[in-house]
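See structure below.
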Amino acid sequence: MGCCTGRCTLILLCTLQLIAALERQVFDFLGYQWAPILANFLHIIIIILGLFGTLQYRPKYVIAYAIWAAVWVTWNVFIMCFYLEVGDLSKESDLLTFHVSQHQSWWSEHGPGCIRKEAPIAGMVGLESHSYVSVVGCAIEYQYIEVMHSAMQILLALLGFVYACYVTSVFTEEEDSFDFIGGFDPFPLYHVNEKSNHLLFKQSYLPA
């Protein structure tokens, strides 16, 4: 019963993580945040691997998922520090875009209540594509939205790590107990048949 409960809980957590990762991936694509896009892609792959390992009773896959969960917590702590500008980090930098562009989080212009205003830059005639963009009226600043996303990812990853360790220990115990009673003997039937044939062979040569 405990194995089923832990296994089912881990399956549920992996499903929630997969949904949250796909949602985050969409908004990171809209904001051209290349570093988070790559991290989310790896995260989705590992979640699928962990889900497969949980469903198919593969402890090695679940262990890989647990290790990645710890890495994922570290990454999201960094993202929180980045948007909260801890130390020398600045949310205005192009670190998350690999210095390829000056794009910021999609939420910086499309957050709840945000009103986006564009004004042409003075003295640049004929360059209609160049304009100054100002955003006003945001109910929540975009950095706090990103921090809440990361906090949710950390919570799910920590729960996933705990349950992955528990499920792995249960799987390992079951494998050990099954191996102890000969469940993994590759030739049990062969040995029984060999002994039976040997006895019959000896009986056939007994003197009448």
Ignoring hydrogens and angles, tell me if any N or O in the side chain of [X] forms a donor-acceptor pair with the backbone of [Y] under 3.5 Å.
| X | Y | value |
| --- | --- | --- |
| Ser93 | Leu89 | no |
| Arg7 | Val167 | no |
| His43 | Ala39 | no |
| Ser150 | Val147 | no |

Heavy-atom closest contact ([X] atom, [Y] atom, distance):
| X | Y | answer |
| --- | --- | --- |
| Tyr163 | Leu13 | CD1-CD1, 3.7 Å |
| Thr97 | Asp94 | OG1-O, 2.9 Å |
| Val62 | Gly53 | CG2-C, 3.8 Å |
| His103 | Gly31 | CB-O, 3.4 Å |

Point-to-point distance, once rounded to the nearest 0.5 Å, from [atom1] of [X] to [atom2] of [Y]:
| X | Y | atom1 | atom2 | value |
| --- | --- | --- | --- | --- |
| Thr172 | Lys60 | OG1 | NZ | 11.0 Å |
| Leu22 | Ile19 | CG | CD1 | 8.0 Å |
| Met152 | Arg24 | CE | CZ | 11.5 Å |
| Lys91 | Leu84 | NZ | CG | 9.0 Å |
| Leu159 | Cys14 | CG | SG | 11.5 Å |
| Leu51 | Leu12 | CG | CG | 10.5 Å |

Check your understanding: Between Trp68 and Tyr65, is the ring centre distance below 6.0 Å?
Key ->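 Not close enough - the centres of the two rings lie 6.0 Å or further apart.
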Decide if atom [atom1] of [X] counts as having more than 12 heavy atoms of other residues, nucleotides or ligands within a radius under 6.0 Å.
| X | atom1 | value |
| --- | --- | --- |
| Phe52 | CZ | yes |
| Phe161 | CZ | no |
| Tyr32 | OH | no |
| Tyr142 | OH | yes |

Review point. How about Arg58 and Thr168: does a side-chain donor come under 3.5 Å of a side-chain acceptor?
Key: no
ILVMFWY network linking [X] to [Y], side-chain heavy atoms under 4.5 angstrom:
| X | Y | answer |
| --- | --- | --- |
| Ile145 | Val77 | yes |
| Leu10 | Leu155 | yes |
| Met148 | Trp72 | yes |
| Leu16 | Leu55 | no |
| Leu158 | Tyr166 | yes |

Review point. Given Trp75 and Gln153, is the side chain to side chain contact (heavy atoms under 4.5 Å, CB included) satisfied, shown in steps?
Key: CA-CA 10 Å; Trp75 166 255; Gln153 294 286 337; over 6 Å; no
Review point. Given the rule in the side chain to side chain contact (heavy atoms under 4.5 Å, CB included) test, do Leu96 and Tyr83 qualify, once you have shown the distances and angles that lead to the verdict?
Key: CA-CA 11 Å; Leu96 298 183; Tyr83 282 107; 3.6 Å; yes
Practice item. Please lay out, stage by stage, how Val135 and Ile115 fare under the test side chain to side chain contact (heavy atoms under 4.5 Å, CB included). Key: CA-CA 6 Å; Val135 181; Ile115 300 175; over 6 Å; no
Check your understanding: Is any side-chain heavy atom of Phe98 less than 4.5 Å from a side-chain heavy atom of Leu38?
Key -> yes
Check your understanding: Heavy atoms, side chains only, cut-off 4.5 Å: are Ile154 and Met80 in contact?
Key -> yes
Check your understanding: If you look only at pairs with a residue in residues 33-42, which of them pass as a side chain to side chain donor-acceptor pair (under 3.5 Å), with sequence neighbours excluded?
Key -> Gln25-Asn40, Asp28-Asn40
Check your understanding: Using 30° and 60° as the class limits, which term best fits the ring planes of Trp106 and His110: parallel, tilted or perpendicular?
Key -> parallel
